Amino acid sequence: MRRAVTPWAFLAPALVATAVLVLLPVLNTLWLSLHEVILFRPRSRPFVGLENYAKALTDPVFWEALEHSLVWVVCAVGLQFSFGFMAALLLNRTFAWRAVARALIVVPWALPSVIIGLIWTWMLDFNLGVLNDLGVRLGLLSASVPWLAQTGTAMASVILAVMWQGIPFFAVTLLAGLQAIPVELYEVASIDGAGAWGKFRHITLPGLATVIATALLLRMIWVANSLDLILVMTGGGPGTATQTLPLYAFLTAWSGGNYGQGSALAVILTILLLGVVITYVWRSRER
Amino acid sequence: MKRARLTLLLGTEIPILGFLAFAILPWCWMMLSSIRPERDLTRSPIALWPQTLTLINYIELLQRTSFAQNMRDSLIVAVGAVSLGLTLALPAAYAFSRFRFRGRQVLRTQFLVINMFPVVMLILPLFVLMRSLGLLDTYFALIGGHATFTLPFAIWLLTGYFEGIPVELDQAAMVDGATRLQALRLVVFPLAMPGVIAVGLYLFITSWNEYLFALMLAGRNVRTVTVALQLFIGEHQIQWGLLMAGGTLVSVPATILFLFAQRRLVGGLTGGAVKG
């Protein structure tokens, strides 16, 4: 009897806190999403069923936000992963100042999104930005470009900033994965006459597979949920050019005061992400 | 020998330098901008190399704005979030690593899934909740909000660390007559300490860096640095000098702590997710 109770005594504080801070809010969001809740009209909260969801699905802005979210996640994670992987492979080689390089490359990871947003907004500024200045001086640009203020370049600019933030994550996690692969495997492969590509293809990639899958999943969820960087850099603009799904949900509630509609959008985002997570867990179980 | 040196230089060292330049230069540009007078920053074309260096932006930031107060608020919130997170997570992680009980797997996965919940899903009802409790704009509200991510993250990482400590050690202590709590205090915690510190530092940084909760659940009386910095932008024209000085003051402590913590964290990050 005692044995059965003890673990629950240890778990109780965390479970109670989670129930209050996470479970209750999630249920509350579900409830809000089924009601018409306007922040400035606290007395009337009529039940509207699935109307908020129906409104979202017939709203062209929603579909546009979903499309932006897809572009945001695929480009950001794709670029972070590719460059992070390259950096990890390079850092896995032996050279004199490797420890220094390894420490310095993580710097962007530690910075708050707000500051990353500020740094890149400052560097991309139309009049005072160093990137426009260098671009014009080196002849890459014929004139200053308002990177964040025009529809065609705003998304690419915020993706550049999030890529900068995310490369260290992949570089460091994949490097740890690379160092866990036994050196003997490479030695045996060399004796068997395998080339660099063969070793990469048959030892490195399979050895890294789980680390890659986990890192990609974590980062994807994180990037899909994150809205602070975009909020700081463009606020979703110009127009709605950089408005992703979480940002749209947030702005609908925060600036629009429409908590019912915002909650419905948040629930839709959660369902989409849960779909991804469940697929991952299910596939890793199979393996 | 010479050829090998050249291959190393061209194939490894120069590409790495490229990556480092990309990672470090924007950061350096912020710090450099923070020690230049406003007139240098607003002159076009830009002088890449500064003629005058000054601390005027820092002096102005700390004397004429509420930034020192904001730093204090951030510190209180972050310390609170770390304390709350660790206090709740340590016993929970111990339970997950040392007991086999019904529902263990489900609960562990649950904490992992919570960590992936969209912030917007939690932040809207937490705002409504804190408002109806009259807690909006207090340290309490913000520390509670930050616990939504510090707690699951701490449990996930700490469970991994505890599992790395052989059960036989605390069993031996208990055979020798120690109670479970004594075994925990005298055997498991000291061994897990480096991991606990790393997790604590990481939680501190995530709370210190957080923006959305700080914006929504607080922002007037309790204003953290991230919210304060963002507000500098709205006022009339952007004062880049002040912004860059503030950005430097906020990011330097986070970066230093992160350099200490990250080595231990990396293994835990990807390790905990795959093993059940």
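If you're wondering where the values come from, they're calculated on a predicted model, not measured in any experiment. Lettering of chains follows the sequences in order, A, B, ..., and the numbering in each one begins at 1.
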Contacting region of B/Leu122 [heavy-atom separation from chain A under 4.5 Å]:
both
Measure B/Gln110 against the heavy atoms of chain A and call it side chain, backbone, both or neither at under 4.5 Å.
side chain
Within a strict 4.5 Å, meaning less than it, do heavy atoms of the A/Trp254 and B/Leu212 side chains meet?
no
Which atoms of B/Phe117 are under 4.5 Å from chain A, going by heavy atoms: the side chain, the backbone, both sets, or neither?
both
Please state whether the side chain, the backbone, both or neither of B/Ile16 comes within less than 4.5 Å of a heavy atom of chain A.
both
Would you mind reporting whether B/Met116 and A/Leu218 have side-chain heavy atoms less than 4.5 Å apart?
yes
Apply side chain to side chain contact (heavy atoms under 4.5 Å, CB included) to residues A/Val232 and B/Gln230 and explain how you reach the verdict.
CA-CA 7 Å; A/Val232 171; B/Gln230 188 50 25; 3.3 Å; yes
Which atoms of A/Arg98 come close to chain B, meaning under 4.5 Å heavy atom to heavy atom: side chain ones, backbone ones, both, or neither?
neither
Largest heavy-atom contact set with chain A, pairs under 4.5 Å, which of B/Leu243, B/Ile205, B/Thr206, B/Leu41:
B/Leu41
Classify the ring geometry of A/Trp8 against B/Phe101: parallel below 30°, tilted from 30° to 60°, perpendicular beyond 60°.
perpendicular
Evaluate whether atom CZ of A/Phe83 has more than 12 neighbouring non-hydrogen atoms of other residues, nucleotides or ligands under 6.0 angstrom away.
no
Tell me, for A/Ile115 versus chain B, whether the close heavy atoms (under 4.5 Å) come from the side chain, the backbone, both or neither.
side chain
Report which part of B/Leu184 has an atom under 4.5 Å of a heavy atom belonging to chain A: side chain, backbone, both, or neither.
side chain
Identify which part of B/Leu84 has an atom lying under 4.5 Å from any heavy atom of chain A, answering side chain, backbone, both or neither.
neither
Would you check if the side chain of A/Trp164 reaches a backbone N or O of B/Phe22 as a donor-acceptor pair within less than 3.5 Å?
yes
Any heavy-atom pair between the side chains of B/Val119 and A/Leu227 that's under 4.5 Å?
no
Anything under 3.5 Å between a donor and an acceptor, one on a side chain of residues 11-29 of chain A, the other on a protein residue two or more places apart or in another chain? List them.
{"residue": "A/Thr18", "atom": "OG1", "partner": "A/Ala14", "partner atom": "O", "Å": "2.5"}
{"residue": "A/Thr29", "atom": "OG1", "partner": "A/Pro25", "partner atom": "O", "Å": "2.9"}
{"residue": "A/Thr29", "atom": "OG1", "partner": "B/Met121", "partner atom": "O", "Å": "2.7"}

Testing the basics here: between A/Ile119 and B/Trp27, what is the closest heavy-atom pair and its distance to 0.1 Å?
CD1-CA, 4.4 Å
Please rank A/Leu104, A/Asp228, A/Leu247, A/Thr270 by heavy-atom pairs under 4.5 Å with chain B and give me the top one.
A/Thr270
If you take all heavy atoms of B/Leu124 and A/Ala253, which pair is closest and at what distance?
CD2-CB, 3.4 Å
Quick one: what part of A/Leu91 sits under 4.5 Å from any heavy atom of chain B, side chain, backbone, both or neither?
both
Under 4.5 Å to a heavy atom of chain B? For A/Ile116 that would be neither
Contact part of A/Met163 toward chain B, heavy-atom cut-off under 4.5 Å: side chain, backbone, both or neither?
side chain
Ring-plane angle category for B/Phe99 and A/Phe10, please: parallel below 30°, perpendicular beyond 60°, tilted otherwise.
tilted
Does any N or O in the side chain of B/Asn209 come within less than 3.5 Å of the main-chain N or O of A/Ala110, such that one atom is a donor and the other an acceptor?
yes
Are A/Ile105 and B/Leu20 side-chain neighbours, meaning at least one heavy-atom pair lies under 4.5 Å?
yes
With only heavy atoms counted, which part of A/Leu39 is less than 4.5 Å from chain B, the side chain, the backbone, both or neither?
both
Measure B/Leu17 against the heavy atoms of chain A and call it side chain, backbone, both or neither at under 4.5 Å.
both
Any donor-acceptor N/O pair, A/Arg93 side chain to B/Gly11 backbone, under 3.5 Å
yes
Quick check on B/Leu181 against chain A: is it the side chain, the backbone, both or neither that has a heavy atom closer than 4.5 Å?
side chain
At a 4.5 Å cut-off on heavy atoms, which part of B/Val128 comes close to chain A: side chain, backbone, both, or neither?
side chain
For residues 114-132 of chain A, the side-chain hydrogen bond (donor to acceptor under 3.5 Å, both in side chains) pairs (sequence neighbours left out) are A/Trp122-B/Ser33, A/Asn132-A/Trp147
